[in-house]
Amino acid sequence: MDEKQQRLNKLNRLVQQGIDPYGHPFPDTESIQHIKADFSEKENVELVHKIGGRVMAFRDHGKSVFLDIVDETGRIQAYIKESTANPDDYHFFKEVVDVGDILGLKGPLFRTKRGEITLEVKEWHFLAKALLPLPEKWHGLKDIEQRYRYRYLDLLVNPTVKENFVKRSKMLEHIRNYLYKNDFLEVETPVLQSLAGGALAKPFITHHEALDMDLYLRIAPELYLKRLVVGSIYKVFEVSKNFRNEGISTIHNPEFTMIEIYWAFQDYRAMMKLTEEIIKYVVKQLLPDGKTVWEGVTIDFLTPFTAMEFRDIFYQKVGTDMEELRDLNQAKRVLKAESISLNRPLTWENIVDKLFKEKVESQLINPTFITGYPVELSPLAKERADNPKYTDRFELFIGGMEIANGFTELNDPFIQRDRFLAQLKNREKGDVEAHQVDEDYLLALEYALPPTGGLGIGMDRLTMVILGLNSIREVILFPHLRPPDKI
RNA sequence: GGGCCGUUAGCUCAGUCGGCAGAGCACUUGCCUUUUAAGCAAGGGGUCGAAGGUUCGAGUCCUUCACGGCUCACCA
């Protein structure tokens, strides 16, 4: 008989005794953490406590049983013995309770010989019967596929997993609090868009039946948020789930979370400052010393972030001034020398982009701002006043990954139209990630977008570097997996 | 999509040269009234990821497929 059948038999015994194995409310329990913290040796041994939780261990010991009960706040030992419980009740308890069951318990506290604060069970209630055994108690659940597919088991038996996801949630809470405190308004903009804009990426396509039209899942909320700035919401942000129809890796999931922030009458420098402040604010609340270990290297978040010009660090790491690569023959020689191949159209910006990613990005471990991106790579960013070939844009790199991206928003509708048209040419050359011409957005610009600083922070990756986790799947509760063969 | 590695009991894992399918935890039964990775004794539990092939004989060798991990490509 397999274990599920054994547990079903126990469930039937409960039902026969008139006990519903599921669904009884059990309100007003005390948190296990507080019970243990408040326990005093002089405590009245008659004082009854009420707890609810999951049975995580069951130690049968002579005519008594020790249990570990776990709730949201901690673990406590419970004890039931034949001589002080009703003997029939004691034996019934032993026969029907399994590891994994969720029980409500009442009874006084005492301390065992070995010093463990323990609740003596005087009254017990079945809240939910577990029909399947939990994974192994001290190796936990290790199989990575099963950890992701059955994340609830991973959370139950691998304590650091739960801690990490709690921290992720706290991070977002702190970021929101920081922005609320500074008068930013949180909004929601469309996930289903008739044109996927605001980033250079391949979208997912879906279909609206009633309208009989294709729609795209958003690759970014950017263009909608800037419409809101036009509409006088001058400090605005959105926590946005974005969808990109691209490869999956340890740093890419098809759906991921970005926090995008727009601040009117500011520029990219203000957004750099904001980025650094937000990250330091979050880190101070999560990491006692402001440091984390990333693949063996210590990252210090609390020292001032370094900043370098794109063109300077490119020259430093690639050994060639990127302007010289505008001669495509020269560019091809450099690619060949580095044995790097390109499967996008061979344009100056694609070559520069590729070389930057290959030679520079992975080396930026400590927080580093890179500023002054080429205009060709930044169709939505404002050109520099003193050199229109470059933009007032920055990206922040930590742990060799792009963590944030921000710029002074391009608010000139004529130049924006030209930029879209240049992207259209790339699209015609076969670049599926080139930005589409968004007439509706251009219309909004014609009503005047104030000078605005914009910023996007990748929440998943920021969580990774702060917690020192090198796979995005460790910070996404249910990362994308193929459907299993059969269940 | 390419390359490499993996898939054996509910979980964690062994399985040598191709020769009876294994251990620990979990489970069942018995003993044990302050244990805590409780202990002691006994027991049950397998479509060896799937399908085909080689062989007297396949968990083991070969082929194909599925799923996963790492990595390359793409991407944030």
Side-chain angles (χ1 to χ4, degrees), chain A residues 1-7 9-10 56-68 75-85 90 95 98-100 110-118 120 130-150 153-154 156-158 198-202 219-220 242-258 340-344 350 353-354 357-358 361 395-397 400-405 431-433 456-462 464 470-473 479 481-486:
Chain A
M1 183 165 38
D2 68 16
E3 187 160 356
K4 184 171 180 181
Q5 188 56 52
Q6 287 166 355
R7 285 172 179 244
N9 292 347
K10 293 177 181 185
M56 294 301 284
F58 189 98
R59 292 182 292 280
D60 191 348
H61 186 89
K63 293 181 169 47
S64 66
V65 173
F66 294 90
L67 306 145
D68 287 346
R75 184 197 72 91
I76 193 168
Q77 179 166 266
Y79 180 63
I80 184 166
K81 60 179 173 179
E82 186 179 34
S83 60
T84 56
Y90 166 77
E95 283 164 26
D98 286 304
V99 171
F110 70 101
R111 196 185 279 278
T112 64
K113 282 180 187 167
R114 302 284 278 267
E116 175 113 14
I117 297 166
T118 301
E120 182 171 356
L131 297 179
L132 292 167
L134 294 176
E136 218 256 6
K137 68 180 176 186
W138 75 78
H139 291 102
L141 186 66
K142 284 191 171 170
D143 183 281
I144 289 178
E145 180 181 355
Q146 298 213 51
R147 285 187 47 228
Y148 299 157
R149 274 193 210 287
Y150 308 107
L153 296 178
D154 192 26
L156 273 174
V157 302
N158 294 325
L200 306 179
K202 204 190 296 177
I219 56 174
N242 296 343
F243 306 85
R244 298 191 185 174
N245 204 345
E246 289 157 357
I248 298 173
S249 77
T250 46
I251 57 171
H252 299 90
N253 195 59
E255 49 183 297
F256 65 102
T257 304
M258 290 240 323
I340 290 169
S341 63
L342 207 66
N343 51 9
R344 297 175 66 185
N350 283 346
D353 192 35
K354 181 74 180 176
K357 280 171 177 159
E358 290 287 324
E361 206 170 292
E395 289 193 329
L396 173 67
F397 294 87
M401 294 184 293
E402 183 189 336
I403 299 293
N405 177 21
D431 193 341
V432 292
E433 288 169 14
I457 300 174
M459 275 302 301
D460 312 278
R461 290 183 179 178
L462 183 62
M464 287 169 69
N470 63 8
S471 169
I472 201 167
R473 298 185 188 93
L481 299 174
R482 288 178 207 236
D485 213 2
K486 57 183 175 189

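Just so we're on the same page: letters track the sequence lines, and every chain starts at 1. This is a predicted model, so every value here is computed, not measured.
In this structure, the side chains of A/I251 and A/M464 come closer than 4.5 Å at one or more pairs of heavy atoms.
Here A/L200 lies in heavy-atom contact (under 4.0 Å) with sugar-phosphate atoms only. Residue A/G247 is in base contact, counting any heavy-atom pair closer than 4.0 Å across all strands shown. Note on A/N470: nothing from the nucleic acid sits closer than 4.0 angstrom, heavy atoms only. A/Q6 comes within 4.0 angstrom of the backbone, heavy atoms only, and of no base. Note on A/T250: only backbone sugar-phosphate atoms sit closer than 4.0 angstrom, heavy atoms only; bases stay farther off. Among the atoms of the strands shown, none is found under 4.0 Å from any heavy atom of A/E255. When heavy atoms are screened at a 4.0 angstrom cut-off, A/K4 is found touching no nucleic acid atom at all. Within the nucleic acid shown, A/L481 comes within 4.0 Å of sugar-phosphate atoms alone, with no base atom in reach, counting heavy atoms only. Using a 4.0 Å heavy-atom cutoff across all strands shown, A/R473 reaches sugar-phosphate atoms only and no base atom.
Listed by chain and number, the residues in a ring pair (Phe, Tyr, Trp, His ring centres under 6.0 Å) with A/Y79 are A/F66, A/F110 (sequence neighbours excluded). Applying the side-chain contact (heavy atoms from CB on, under 4.5 Å) rule to A/E82 yields the partners A/K63, A/P87, A/Y90, A/H91; only residues at least two apart in sequence or on another chain are considered. Every residue two or more places apart in sequence or in another chain was checked for a ring pair (Phe, Tyr, Trp, His ring centres under 6.0 Å) with A/F58, and none qualifies. In terms of the side-chain contact (heavy atoms from CB on, under 4.5 Å) criterion, residue partners of A/I248 (sequence neighbours excluded) are, by chain and number, A/P254, A/R473, A/H480. With sequence neighbours left out, A/A404 forms a side-chain contact (heavy atoms from CB on, under 4.5 Å) with A/T275, A/L396, A/L455, A/I457.
The partner of B/G52, taking Watson-Crick or G-U wobble pairs whose two distances both stay under 3.5 Å, is B/C62. Under the Watson-Crick or G-U wobble criterion, with both distances below 3.5 Å, B/G68 is paired with B/C5. Partner assigned to B/G24 is B/C11, using Watson-Crick or G-U wobble distances below 3.5 angstrom.
Here the separation of B/G15 from B/G19, taken at their P atoms, is 13 Å to the nearest Å. Here the separation of B/A9 from B/G45, taken at their P atoms, is 15 Å to the nearest Å. One C1' atom belongs to B/U7, the other to B/U60, and the distance between them is 15 Å to the nearest Å. The same atom, C1', is picked in B/G39 and in B/C48; the two are 33 Å apart, to the nearest Å. Rounded to the nearest Å, the gap between the P atom of B/C13 and that of B/C67 is 23 Å. The same atom, C1', is picked in B/G59 and in B/A14; the two are 12 Å apart, to the nearest Å. Comparing the C1' positions of B/G69 and B/A51 gives a spacing of 24 Å, expressed to the nearest Å. Comparing the P positions of B/G43 and B/G49 gives an interatomic distance of 28 Å, to the nearest angstrom.
In this structure, the CG atom of A/D60 is 11 Å from the C1' atom of B/U29, given to the nearest Å. Atom P of nucleotide B/C70 and atom CD1 of A/I144 are separated by 6 Å, given to the nearest angstrom. Atom CG in A/D353 sits roughly 11 Å away from atom C1' in B/A76 (whole-Å rounding). Taking atom CD of residue A/E361 and atom P of nucleotide B/A76, one finds them 9 Å apart after rounding to whole Å. One can place OH of A/Y148 at 15 Å from C1' of B/C67, the figure rounded to the nearest angstrom. The NZ atom of A/K357 sits 13 Å away from the C1' atom of B/A73 (whole-angstrom rounding). For A/K202 and B/G1, the NZ to C1' distance is 11 Å, given to the nearest whole Å. To the nearest angstrom, C1' of B/U36 lies 11 Å from CG of A/L67.
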Starting from the C-alpha separation in whole Å, work towards a yes-or-no answer on salt bridge (Lys or Arg N to Asp or Glu O under 4.0 Å) for A/R482 and A/E145. CA-CA 10 Å; A/R482 288 178 207 236; A/E145 180 181 355; over 6 Å; no
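Nearer the 5' end of RNA chain B, as judged by each residue's closest nucleotide, is the contact made by A/E95, out of A/G62 and A/E95. Nearer to the 5' terminus of RNA chain B, by closest-nucleotide assignment, is the contact made by A/E82 (compared with the other of A/E82 and A/E246).
Using a 4.0 Å cut-off, no side-chain N or O of A/R111 falls inside it from OP1 or OP2 of B/U34. Using a 4.0 Å cut-off, no side-chain N or O of A/R114 falls inside it from OP1 or OP2 of B/U34. Side-chain N/O atoms of A/R59 include none lying less than 4.0 angstrom from OP1 or OP2 on B/U36. Contact check, A/K10 against B/U28: a side-chain N or O comes under 4.0 Å of OP1 or OP2.
Proximity of a side-chain donor or acceptor of A/N242 to a complementary backbone N or O of A/F256 within less than 3.5 Å is not detected. Panel note: side chain A/R7, backbone A/A130; a donor-acceptor pair is recorded below 3.5 Å. The backbone N or O of A/E116 lies less than 3.5 Å from a partner atom in the side chain of A/T118, making a donor-acceptor pair.
Here A/F256 counts as stacked on B/A76: its ring centre is under 5.5 angstrom from the base ring centre and the planes meet at under 30°.
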Using a 4.0 Å heavy-atom cut-off to protein, can you give one letter per nucleotide of nucleotides 6-13 of chain B, 5' to 3': B if the base is in contact, S if only the sugar-phosphate is, - if neither? -----BSS
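For A/Y79, taking side-chain heavy atoms from C-beta onward, the closest of the listed nucleotides B/G69, B/C27, B/U34 is B/U34. Here B/U33 is the nucleotide among B/A76, B/U33, B/G68 with the atom lying nearest to any side-chain atom of A/K63.
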